[in-house]
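Below you'll find the structure, written out as structure tokens, and then a few comments.
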Protein chains: 2
Amino acid sequence: MNRLESLESFVAVVESGQFTIAADRLGIGKSVISRRVSELEEHLGALLLHRTTRTLSLTDAGREFYPRAVQVLEDLDEAEQSVSRSQQDLSGRLRLAAPLSFGLFHLSNALNGFSNLHPRVVLDIDLNDSEVDLVQEGIDLALRIGDLDNSTMVARPLAPINFVLCASPEYLQRMGTPHSAEDLAGHRGLCYSNLPEPQKWPFIDPTGRALTIRIPLQMQANNGQLLLDAASAGQGICLSPTFIAYQAILDGRLQPILTDYHIPPVTAYAVYPNRRFIPQRVRALADYLRQQFGDHPYWDDGLAHVIS
Amino acid sequence: MNRLESLESFVAVVESGQFTIAADRLGIGKSVISRRVSELEEHLGALLLHRTTRTLSLTDAGREFYPRAVQVLEDLDEAEQSVSRSQQDLSGRLRLAAPLSFGLFHLSNALNGFSNLHPRVVLDIDLNDSEVDLVQEGIDLALRIGDLDNSTMVARPLAPINFVLCASPEYLQRMGTPHSAEDLAGHRGLCYSNLPEPQKWPFIDPTGRALTIRIPLQMQANNGQLLLDAASAGQGICLSPTFIAYQAILDGRLQPILTDYHIPPVTAYAVYPNRRFIPQRVRALADYLRQQFGDHPYWDDGLAHVIS
DNA sequence: GCTATTGTTGCAAATAATGCAATAGTGTTT
DNA sequence: AAACACTATTGCATTATTTGCAACAATAGC
């Protein structure tokens with residue numbers, strides 16, 4: 001028995017849900033699939049699949065075995081690739097996690113570029129603002145903005161994340177333009193709720209003094225895009241990352257305010273588990289993203305005067 | 001070509017250093033080994049072994065490929081075992097790291113017991129007082145005493161580590177027995193140099209007050225056993241873990257002092273990388289060690305009055 | 001109860017793996 | 001320097017395994 005081919009067959013069956021489709025996918029007869037899975041089961045001494053002629057389902061053993069089988073196959077491919085002649089030509093699956101807004105605004109394009117560079121790399125993207133456990137979820141690489149907690153993860157800086165305070169021209173005309181941070185106390189705050197203290201905004205004033213202002217809450221959301229849209233509609237003042245706000249500012253839909261104040265930037269990182277063997281495609285993507293964004297990301301290009 | 005058998009052959013050759021021995025080990029002809037390795041090389045498009053008829057050495061590609069090949073084979077065995085009928089019967093290699101003294105004093109016996117329970121598990125033990133990188137070194141499980149730094153590691157408490165202050169009866173007769181922590185200032189300290197501040201010893205005095213005493217340095221070493229021997233020989237006073245000192249105390253070679261003071265205990269942990277699939281043998285060993293030591297380890301049995 | 005479709009099984013043909021023996025190459029010894 | 005001892009490789013006949021086709025059995029939907 002060929003253990004590896006049995007594994008492949010089993011995985012193909014699980015993923016396709018049918019022996020027949022799995023056989024087509026592997027380009028062999030369905031009888032071969034049938035026999036390989038049977039042999040594998042016999043070898044293990046455990047049934048992997050409950051099968052009637054019309055329905056197929058995993059047994060407990062199969063559910064346990066499947067992800068491990070996938071992992072073994074991927075690791076083997078990975079190992080072979082690492083020394084293969086066609087080392088340039090990366091392939092395999094790459095599971096990527098990123099925050100929702102950043103993913104939609106900037107990762108999307110970058111990933112398309114990467115995908116063109118390495119067409120045989122299959123990207124599996126999970127946009128999610130809540131932090132998932134990278135090892136448990138089998139994520140190869142995550143894009144994280146701001147502080148990092150897990151020290152055994154490898155973190156590579158990808159880009160600075162700058163912030164601007166902005167509101168619509170119409171709002172500013174109606175409500176008055178604030179000229180000091182303290183003026184914000186009389187304005188309407190559009191606050192990002194995924195922060196520990198959404199209403200407290202940090203500043204460095206023009207003289208270099210750090211201060212934190214509590215702004216009245218007008219609207220709160222866990223999505224920066226929505227808050228920005230609210231700001232555009234004149235709902236209030238928004239403390240937005242430039243990677244979300246830049247377009248609206250360049251368009252004139254939003255106007256930066258208090259630009260003589262400095263808002264402490266944070267950093268976007270590529271984070272990946274410190275495995276024994278880091279897949280080359282993970283390194284490649286981290287490199288590529290670093291190159292796409294870098295210390296002066298394109299979304300800050302027209303905003304030099306704003307982010308000081 | 002059977003990729004897996006090629007892998008096995010390659011690994012066997014690397015580990016035995018010869019095609020012939022590898023063939024014997026796998027119970028097949030040496031011609032088969034030769035062909036399998038050649039096929040593997042052809043498949044990869046890279047030479048793995050530099051071979052003349054008399055000498056064998058890894059190429060760069062081979063050096064890169066070998067550990068990954070080993071990993072894949074182990075992971076596959078692991079996956080199969082996890083659903084195998086003979087699940088009880090653990091097997092495979094288990095790489096264990098532990099501090100030197102604890103390893104010699106207490107791990108040794110426990111591991112023999114474990115090895116008898118699971119004879120097919122091969123233990124690969126690295127006794128080392130300096131902390132190594134578990135993932136890079138491919139360590140499955142480490143025994144660590146005291147504070148843990150890496151938060152993504154799984155840590156299971158194995159035993160409390162209590163401390164006693166002790167000296168030889170002869171020394172105490174000659175130099176006088178201290179009755180308060182402050183008395184230690186006039187004594188000779190035998191200090192463990194792997195601590196940030198070897199000469200500073202922490203106490204909780206009989207009234208419950210925490211204090212730190214700086215003791216004059218008589219001898220310093222990075223090995224608790226050596227310090228204990230020095231104490232036995234009347235060289236001075238030693239702050240020793242009970243797991244080292246218990247025998248000498250029960251024998252009367254050493255006498256505990258300041259037993260009305262409390263010395264903050266630390267904890268011994270089993271630490272392992274938070275991999276996606278924790279090998280069963282790793283869980284089993286952690287369980288076994290927990291069971292062998294536990295909240296009231298045997299080495300503290302006769303010392304209840306000492307460690308309060 | 002019929003039908004369409006699924007997984008399994010039997011079997012002959014095709015394919016691949018194996019071991020043996022011969023071969024060629026290399027470091028060591030005399 | 002030449003014979004020696006031991007190594008990995010290769011050719012080839014034998015053996016074992018795998019494959020696909022077709023027939024079969026089983027089931028859900030009509």
Side-chain angles (χ1 to χ4, degrees), chain A residues 1-63 65-66 69 73 76 80 83, chain B residues 1-63 65-66 69 73 76 80 83:
Chain A
M1 181 194 104
N2 187 326
R3 291 202 286 167
L4 218 52
E5 289 178 338
S6 304
L7 236 61
E8 271 173 341
S9 300
F10 169 65
V11 167
V13 168
V14 173
E15 288 177 354
S16 65
Q18 280 187 200
F19 278 52
T20 311
I21 297 176
D24 287 350
R25 228 180 67 181
L26 296 180
I28 52 180
K30 60 177 179 173
S31 62
V32 177
I33 298 278
S34 173
R35 248 184 292 257
R36 282 186 187 167
V37 173
S38 299
E39 280 173 356
L40 181 57
E41 290 177 322
E42 196 183 350
H43 171 66
L44 297 175
L47 250 66
L48 297 173
L49 297 161
H50 278 307
R51 39 198 190 276
T52 70
T53 46
R54 296 289 280 210
T55 65
L56 211 56
S57 64
L58 281 165
T59 62
D60 288 341
R63 218 183 321 281
F65 191 65
Y66 168 68
L73 291 172
L76 176 55
E80 291 189 343
V83 295
Chain B
M1 181 194 103
N2 186 325
R3 291 202 288 168
L4 215 53
E5 290 178 338
S6 304
L7 235 61
E8 271 173 341
S9 299
F10 168 65
V11 167
V13 168
V14 173
E15 288 177 355
S16 63
Q18 279 187 199
F19 279 54
T20 312
I21 297 176
D24 286 351
R25 226 181 70 179
L26 297 180
I28 52 180
K30 60 179 179 174
S31 62
V32 177
I33 299 278
S34 173
R35 247 185 294 256
R36 282 186 188 168
V37 172
S38 299
E39 280 174 357
L40 181 58
E41 290 176 322
E42 195 184 352
H43 172 65
L44 297 175
L47 250 64
L48 297 173
L49 297 163
H50 278 306
R51 37 197 193 277
T52 69
T53 44
R54 297 287 280 204
T55 65
L56 213 57
S57 65
L58 280 165
T59 63
D60 286 343
R63 221 185 318 284
F65 191 63
Y66 169 68
L73 292 173
L76 176 55
E80 292 190 343
V83 295

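So you know, we letter chains A, B, ... as the sequences are listed, proteins then strands, and number each from 1.
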Tell me: [atom1] of [X] to [atom2] of [N], nearest whole Å?
{"X": "B:R36", "N": "D:dT9", "atom1": "CZ", "atom2": "P", "result": "14 Å"}
{"X": "A:L49", "N": "C:dT8", "atom1": "CG", "atom2": "C1'", "result": "14 Å"}
{"X": "B:H50", "N": "C:dG25", "atom1": "NE2", "atom2": "P", "result": "19 Å"}
{"X": "A:L26", "N": "D:dT19", "atom1": "CG", "atom2": "C1'", "result": "14 Å"}
{"X": "B:I28", "N": "D:dT15", "atom1": "CD1", "atom2": "P", "result": "20 Å"}
{"X": "B:L56", "N": "C:dG27", "atom1": "CG", "atom2": "C1'", "result": "14 Å"}
{"X": "B:E8", "N": "C:dT18", "atom1": "CD", "atom2": "C1'", "result": "16 Å"}
{"X": "B:E5", "N": "C:dT18", "atom1": "CD", "atom2": "C1'", "result": "11 Å"}

Between A:S9 and the options A:R35, A:E39, A:R36, the side chain to side chain donor-acceptor pair (under 3.5 Å) test singles out A:R36
- Give A:I33 one of three labels, base, sugar-phosphate or nothing, depending on what nucleic acid heavy atoms sit under 4.0 Å from its own. nothing
Touch class at under 4.0 angstrom, heavy-atom based, for B:T20 against every strand present: sugar-phosphate
Nearest 0.5 Å, please: how far is [atom2] in [Y] from [atom1] in [X]?
{"X": "B:L44", "Y": "B:L40", "atom1": "CG", "atom2": "CG", "result": "4.5 Å"}
{"X": "A:T55", "Y": "A:H50", "atom1": "OG1", "atom2": "NE2", "result": "10.0 Å"}
{"X": "B:I33", "Y": "B:R25", "atom1": "CD1", "atom2": "CZ", "result": "9.0 Å"}
{"X": "B:E42", "Y": "B:L47", "atom1": "CD", "atom2": "CG", "result": "11.0 Å"}
{"X": "A:R3", "Y": "B:N2", "atom1": "CZ", "atom2": "CG", "result": "9.0 Å"}
{"X": "B:L56", "Y": "B:Q18", "atom1": "CG", "atom2": "CD", "result": "8.0 Å"}

Notebook entry, point to check: For the side chain of A:S34 and the backbone of A:K30, is there at least one donor-acceptor N/O pair under 3.5 Å apart?
Noted result: no
**Message:** Under a 3.5 Å distance rule, please check whether A:S6 uses its side chain to pair with a backbone N or O of A:V37 as donor and acceptor.
**Reply:** no
Item to check | A:Q18 side-chain N/O to C:dT6 phosphate OP1/OP2 under 4.0 Å | outcome: yes
Got B:L4 and B:L76 here, is their nearest side-chain heavy-atom distance under 4.5 Å? yes
Contact check, side chains of A:L58 and A:L49, non-hydrogen atoms, under 4.5 Å: yes
With five pairs defining each end axis, the helix from C:dG1-D:dC30 to C:dT30-D:dA1 comes out bent, to 10°, by 30°
Closest of D:dT9, C:dG19, C:dT8 to the A:K30 side chain is C:dT8
Against the side chain of B:E39, the closest entry in D:dT9, C:dT8, C:dA17 is C:dA17
Listing time: all N or O pairs from protein to nucleotides 10-16 of chain C that are below 3.5 Å?
{"unit_1": "C:dG10", "atom_1": "O6", "unit_2": "A:R35", "atom_2": "NH2", "d": "3.4"}

Between the protein and nucleotides 26-30 of chain D, are there any N/O to N/O pairs under 3.5 Å, and if so, what are the atom names and distances?
{"unit_1": "D:dA26", "atom_1": "N3", "unit_2": "A:T53", "atom_2": "OG1", "d": "3.4"}
{"unit_1": "D:dT27", "atom_1": "O4'", "unit_2": "A:T53", "atom_2": "OG1", "d": "2.7"}

task: Kindly assign one of parallel, tilted or perpendicular to the pair B:F10 and B:F65, based on the angle between their ring planes and the thresholds 30° and 60°.
output: tilted
